[in-house]
Structure formats: structure tokens, C-alpha cells
Amino acid sequence: MLTHPAPRPQPTETTSVVEVAGVTVRLGGQPVLHDVSLRQPTGSLLALMGANGSGKTTLVRALLGLVPVEHGSVSLFGTPLRRFRSWSWIGYVPQRSSLTLRNATVGEVVMSGRLGHRRPFSLRSRRDREQVGAALERVGLAGRERDEMTHLSGGQQQRALIARALAAEPRLLVMDEPLAGVDAASQHAVADVLRDLVAEGLSAMVVLHELGPLAPLLDRAVVLTEGRVSHDGAVSAVDCTPEHEIHETSPLRGLTFLEHPVDPDHHHDDRVPRGGAS
Ligand SMILES: Nc1ncnc2c1ncn2[C@@H]1O[C@H](COP(=O)(O)OP(=O)(O)OP(=O)(O)O)[C@@H](O)[C@H]1O
């Protein structure tokens, strides 16, 4: 069983895991984010949505300190980004398509999530091994440590990347497009894992193109349009509107709503065995 430091069963309005105020980011000389503000209460599940190129990944990278912020401020767990040091509290799951997974086993990938807990050059501890095993069990990949990542389906790779983030025992999970290129069964498996984690008090920010099976779990959606916040509120406003019915001027225009996306690489049964993912 994974342990999380401070269980927080309900979202609270008094504390926030992420606070972004008036953030502007420029990349390659071009403005990418303009005056973006958002606040994520502790224990909540927030979707960050928007069309291709709207700035979702850049916003995530800005709040993780990976790209410079030109104006505005970012706080994590109430601490300004420049003074924040507790990076092991944040489990980042990058876009699967942005990674090279060749020559890595599942065990190596998930164990790399423990690096923040290890002293330089120290050997892996019993707790490291326990947390890796627990994280793999949680995502339904128990016993797959020796498998090459490239031998897994897209959905299983995604779940291994989630296990990597969980092995770090995070308080906030930041996931960039965890449903992209993942078959419907694995989308539901990811949703099941996330449901349990949030029920235990974990906070999660999820970059999404489509809501899919995560829709009923989300507390709020923030939609970016051309680098600006165009919607910050109820998910229901995003959820039930097929794209052809979205008004030309709606901030939701350009989002896609895929019910059953197909994974062209899918060769495996990606369902998490009941009881194996909790
Ligand atoms: N390093 C960079 N230099 C210059 N421009 C960049 C850089 N990285 C991203 N951009 C531009 O910033 C804009 C936002 O990109 P970003 O990847 O944040 O969008 P996104 O909403 O995550 O898109 P997607 O859904 O396609 O992943 C795009 O126009 C992109 O071309």
C-alpha cells in the first residue's frame, strides 16, 4: 500500500496546492501564456484543457519551474516557486509521446521515481523496493518489473509512468495528457486509479484533450484559449457539449470529445485486475 504523508479527504478552500497569478511566459521570443491565473484547492482534481497549442504544457512547465515566468507569480503548497524545495511532493507524468522508452525496463522506469528520496550514490533501500512494488500493483502491473517498456501497450506504458510518479509518494500528481493514444479499457483503468488516489487525499492536475472517463471525477476545468484562461469552473459546461454544437465564439471551441479513442499499438488486455489497482 502506498503511503501519502497527509491524507486530505475533501478539497478545502483554505489551502491550495497550486496558485498561479497573472503569469506571462514567452518562448522563442513569442508570447505563449498571457496573464494566466488559477488556483487549485488541496485535495481536488483539476482538468487543464484547451486546443492544440493553447499553452497547456507550457503552463504545467511554468508551474514546475521548467520554463521562466516573465511576469506574475507561482506558488506551490503555499510557497513561492523560487523558494519551493519539496519537489518530491510533486509526481509529474509527462506526455508519453514525448519520451524515449527504448532499452528501459518497467522496473527501471518506476525506480527512477524514487531518486528524490535517495542520497547521491546510495543504493536502493527496502522502502524504495516496497514503494516501487506497491506503485506497480496499484496500476495493475504487479510482477512486470523486468518487462521492456517497448513491449507494453500504450495504455500499459502510461500506467507504468503513473507508477513512476506514485513511487515518489507525491502529494500532487501532474499528468500531461494521460489519456492520449490510450485505448478505452486503459482510459477506464487510469480513471479507476485516479479515483482511488483522490479519495485518499491526493491532489491531481490533469492536462486533457478529451474528458473521457475522467469527467465524473473532476472538480473543475480550466480551459486555455491561445494562452489565456477562457473558462474556469464547472466541468459540466465542458462535458456534455459535442464539438459541432459548441458556438463559434465559445472558449471550448477546438476541444475534442472522444468517447472511445483507438490505440493503434494496442495488443494487450489493459484492464486492471479488480483488487489489483487498489
Ligand atoms: N520552446 C518553444 N519555443 C517556441 N515556441 C514554443 C516552444 N514550446 C512551445 N511553443 C509554442 O507555444 C505554444 C503552446 O504550446 P504548448 O505545447 O504549451 O501547447 P499545448 O496546449 O500543450 O499543445 P498540445 O495539446 O498540442 O500539447 C505553441 O504555439 C507552441 O508552438
Side-chain angles (χ1 to χ4, degrees), residues 18-38 40 45-74 76 81 90-101 154-155 157-158 161-162 165 172-183 186-187 190 194 204-215 218 220-233 235 237-239 241-243 246 249-259 261-265:
V18 175
E19 198 145 3
V20 173
V23 158
T24 297
V25 170
R26 191 179 284 273
L27 294 176
Q30 299 298 315
V32 174
L33 297 177
H34 314 260
D35 194 24
V36 168
S37 299
L38 69 84
Q40 176 167 10
L45 178 52
L46 181 142
L48 189 56
M49 306 191 74
N52 285 331
S54 57
K56 306 180 295 296
T57 298
T58 303
L59 177 54
V60 164
R61 299 186 75 205
L63 63 87
L64 295 176
L66 299 174
V67 295
V69 169
E70 192 174 88
H71 296 296
S73 65
V74 175
L76 298 171
L81 191 58
I90 301 176
Y92 178 43
V93 185
Q95 274 188 41
R96 184 171 55 93
S97 61
S98 68
L99 302 175
T100 305
L101 299 169
Q157 287 180 356
Q158 186 64 60
L161 294 175
I162 294 170
L172 167 67
L173 205 52
V174 180
M175 306 169 85
D176 199 345
E177 304 263 13
L179 306 183
V182 169
D183 62 281
S186 262
Q187 291 199 0
V190 169
L194 216 43
M205 178 182 290
V206 189
V207 174
L208 290 175
H209 235 92
E210 67 255 22
L211 290 164
L214 296 186
L218 294 163
R220 204 166 95 237
V222 172
V223 180
L224 290 180
T225 304
E226 296 178 1
R228 298 175 195 276
V229 174
S230 53
H231 173 85
D232 183 349
V235 177
V238 181
D239 189 14
T241 317
E243 190 171 15
I246 297 173
T249 58
S250 167
L252 309 180
R253 186 103 203 144
L255 293 178
T256 52
F257 299 87
L258 302 180
E259 279 289 309
V262 175
D263 178 3
D265 301 331

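Just the heavy atoms: all of them, side chains too, but no hydrogens, waters or symmetry mates, feed the values below. For clarity, every value in this text was computed on a predicted model and none was experimentally measured. Order of listing sets the numbers, starting from 1, for every ligand and every atom in it.
Among all non-hydrogen protein atoms, the one lying nearest atom 28 (C) of ligand 1 is G53 O, 3.8 Å. The protein heavy-atom contact nearest to atom 21 (O) of ligand 1 is K56 NZ, 2.8 Å. Looking only at heavy atoms of the protein, atom 27 (O) of ligand 1 is closest to Q95 NE2, 3.4 Å. In this structure, the protein non-hydrogen atom closest to atom 16 (P) of ligand 1 is T58 OG1, 3.7 Å.
Judged by distance alone, the side chain of K56 and the main-chain N or O of G50 form a donor-acceptor pair under 3.5 Å.
Using a 4.0 Å cut-off between heavy atoms, Q30 makes no contact with ligand 1 at all. With a 4.0 Å cut-off on non-hydrogen atoms, V32 touches ligand 1 through its side chain and not its backbone. The side chain of H209, and not its backbone, has at least one atom closer than 4.0 Å to an atom of ligand 1 (non-hydrogen atoms only; side chain from C-beta on).
For atom 14 (C) of ligand 1, the nearest protein heavy atom lies under 4.0 Å away. Distance remark: protein heavy atom not present below 4.0 angstrom from atom 31 (O) of ligand 1.
Considering only heavy atoms from C-beta on, L59 stays 4.5 Å or farther from V222 through its side chain. Inter-residue side-chain proximity for Q158 and V93 is flagged as met; some heavy-atom pair is nearer than 4.5 Å. Considering only heavy atoms from C-beta on, L63 stays 4.5 Å or farther from L81 through its side chain.
Distances from ligand 1 to the non-hydrogen atoms of G55 include at least one value under 4.0 Å. At least one heavy atom of E177 sits closer than 4.0 Å to an atom of ligand 1.
Between the side chains of N52 and H209, a donor-acceptor pair is found at a separation under 3.5 Å.
Using a 4.0 Å cut-off to heavy atoms of A51, the atoms of ligand 1 that qualify are 21 (O).
Comparing L27, T57, V67 against atom 1 (N) of ligand 1, the shortest heavy-atom distance belongs to L27.
Between R220 and D232 a salt bridge is recorded (basic side-chain N to carboxylate O distance below 4.0 Å).
Of the inter-residue distances, the one linking D176 atom CG with L161 atom CG reads 11.5 Å to the nearest 0.5 angstrom.
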